[in-house]
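I have placed the structure first, in the form of structure tokens, so that the comments after it can refer back to it.
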Amino acid sequence: MTRTILRISFENKDIETFEGYELPHLTVHTHDDDLTGHEKALITALTDAVVSVYGDWARPHVGIRLIGLPAGCTGTGGEVDTVPAPAVDFGIRTDALNRPDITEILKRLTQAVTDAIAATLGEHRREQTSVSFTPTTSATTIAEASHPA
């Protein structure tokens with residue numbers, strides 16, 4: 001089963017729709033060997049996963065960053081992991097977290113992202129995949145967007 005971690009700290013604002021708001025950015029950390037040769041397919045699959053929840057209008061705004069980890073660079077319980085599990089950090093606007101249907105949306109996003117990873121990197125990665133949601137404010141989004149490369 002996919003683990004979902006939700007860290008929330010947000011202002012009380014109501015919005016009617018996600019459209020018009022800065023979209024989430026996905027950062028995926030996984031084993032180097034998982035990514036090699038699968039980068040384009042994984043970016044496409046993750047974009048499609050987000051679009052399946054938000055709608056097609058969101059496609060040009062979905063930002064994805066893939067980060068490959070070499071074996072031996074992660075650990076669990078004091079032991080080195082031989083193959084790092086896929087971990088997705090999903091930045092989501094704090095405004096969106098006030099929606100009355102947010103629990104269902106987060107479930108759908110988690111399922112869609114996990115399905116995309118399993119379809120691209122292999123079904124054996126499904127059980128290991130974790131998805132966490134990190135709230136971002138418009139100030140954070142603006143700062144990230146304006147930070148020089």
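Quantities reported herein were computed from a predicted structural model and do not represent experimental measurements. We use all heavy atoms of the structure for the numbers below, so side chains are in, but hydrogens, waters and symmetry mates are not.
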Tell me, do [X] and [Y] make a side-chain contact under 4.5 Å, heavy atoms counted?
X	Y	value
Leu106	Phe90	no
Ile64	His25	no
Val53	Gln111	no
Phe133	Leu97	no
Arg126	Asp115	yes
Ile117	Leu46	yes
Thr47	Ile43	yes

Measuring from atom [atom1] of [X] to atom [atom2] of [Y], what distance do you get when rounded to the nearest 0.5 angstrom?
X	Y	atom1	atom2	result
Asp48	Arg59	CG	CZ	4.5 Å
His31	Thr74	NE2	OG1	8.5 Å
Ser132	Ile92	OG	CD1	11.5 Å
Leu35	Thr120	CG	OG1	10.5 Å
Thr136	Asp95	OG1	CG	8.5 Å
Asp34	Leu121	CG	CG	5.0 Å

Considering all heavy atoms, the nearest [X]-[Y] contact:
X	Y	value
Ala49	Val113	CB-N, 3.9 Å
Thr82	Ala71	O-CB, 3.1 Å
Leu69	His29	CD1-CB, 4.0 Å
Pro84	Pro70	CG-O, 4.1 Å
Arg99	Ile105	NE-CD1, 3.3 Å
Val50	Leu109	CA-CD2, 4.4 Å

Point to revise | In one Ile/Leu/Val/Met/Phe/Trp/Tyr side-chain cluster, 4.5 Å: Ile102, Val88 | key: yes

Exercise for review: Report whether Val62 and Val131 are members of the same hydrophobic cluster (ILVMFWY, side-chain heavy atoms less than 4.5 Å apart, transitive linking).
Suggested key: yes

Review point. Backbone N or O of Tyr54 within a donor-acceptor pair of the Arg108 side chain at under 3.5 Å?
Key: no

Review point. Okay, side chain of Glu39, backbone of Gly37: is any donor-acceptor separation there less than 3.5 Å?
Key: yes

Review point. If you draw a 6.0 Å radius around CD in Glu123, do more than 12 non-hydrogen atoms from other residues or ligands fall strictly inside?
Key: yes

Practice item. Decide side-chain contact (heavy atoms from CB on, under 4.5 Å) for Thr30 and Gln128; before the verdict, give the C-alpha distance in whole Å, the side-chain angles of both, and the deciding distance to 0.1 Å. Key: CA-CA 10 Å; Thr30 193; Gln128 303 164 337; over 6 Å; no

**Study point:** Between Asp81 and Thr76, a side-chain donor and acceptor under 3.5 Å
**Key:** yes

